[in-house]
Amino acid sequence: MISSVLQSGVQGVKQNLQGMEKAATEIAKAGQPAEDSGEVRTVDDVVESIVDLKLYENGVKASAKVIKSADETLGTLLDIKA
């Protein structure tokens, strides 16, 4: 049970970090033409990427709290068993 909670937390961190990387890449490409369509990214596109970046940041923080809670629970269980 605890290991599945830990795995969920780690998976959440990984997924959100990938999202952060993607959003950061989109922000870094601001003002350059898109590779697929050739259209220049607008300010709205950049704002959307910044909002996405913040959402992914919050996702990483939430997943880190899941990991911390699972770790603390495991520690408590080990203390009880000892």
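Leu17 is connected to Tyr56 through a chain of hydrophobic side-chain contacts under 4.5 Å among Ile, Leu, Val, Met, Phe, Trp and Tyr, so both are in one cluster. Criterion: ILVMFWY side-chain heavy atoms under 4.5 Å apart, direct or through other members. Under it, Leu74 and Val13 are part of a common hydrophobic cluster.
Ion pair Glu26/Lys22 not flagged as a salt bridge, since none of the NZ, NE, NH1 or NH2 atoms sits closer than 4.0 Å to an Asp/Glu carboxylate oxygen.
Counting all heavy atoms, side chain and backbone alike, Val10 lies closest to Ile67 at N-CD1, 3.7 Å. Residues Ala23 and Ser49 approach most closely at CB-O, 3.6 Å, considering heavy atoms. In terms of heavy atoms, Val46 sits closest to Ile27 at O-CG1, 4.4 Å. Residue Leu53 comes nearest to Met20 through the heavy atom pair CD1-O, 3.5 Å, listed as atom of the first residue, atom of the second, then distance.
Asp45 contributes a side-chain N or O that, together with a main-chain N or O of Thr42, makes up a donor-acceptor pair within less than 3.5 Å.
How far CG of Asn16 is from NZ of Lys61: 12.0 Å, rounded to the nearest 0.5 Å. The line from CD of Gln7 to NZ of Lys14 is 9.5 Å long, rounded to the nearest 0.5 Å.
No more than 12 heavy atoms of other residues, nucleotides or ligands lie within 6.0 Å of CD in Glu39, so this atom counts as exposed by the packing criterion.
At least one side-chain heavy atom of Thr25 sits under 4.5 Å from a side-chain heavy atom of Lys29.
Asp71 pairs by the side-chain hydrogen bond (donor to acceptor under 3.5 Å, both in side chains) definition with nothing, not counting sequence neighbours.
Thr76 pairs with exactly one of Thr73, Ile80, Asp79 by the side chain to side chain contact (heavy atoms under 4.5 Å, CB included) rule, that one being Ile80.
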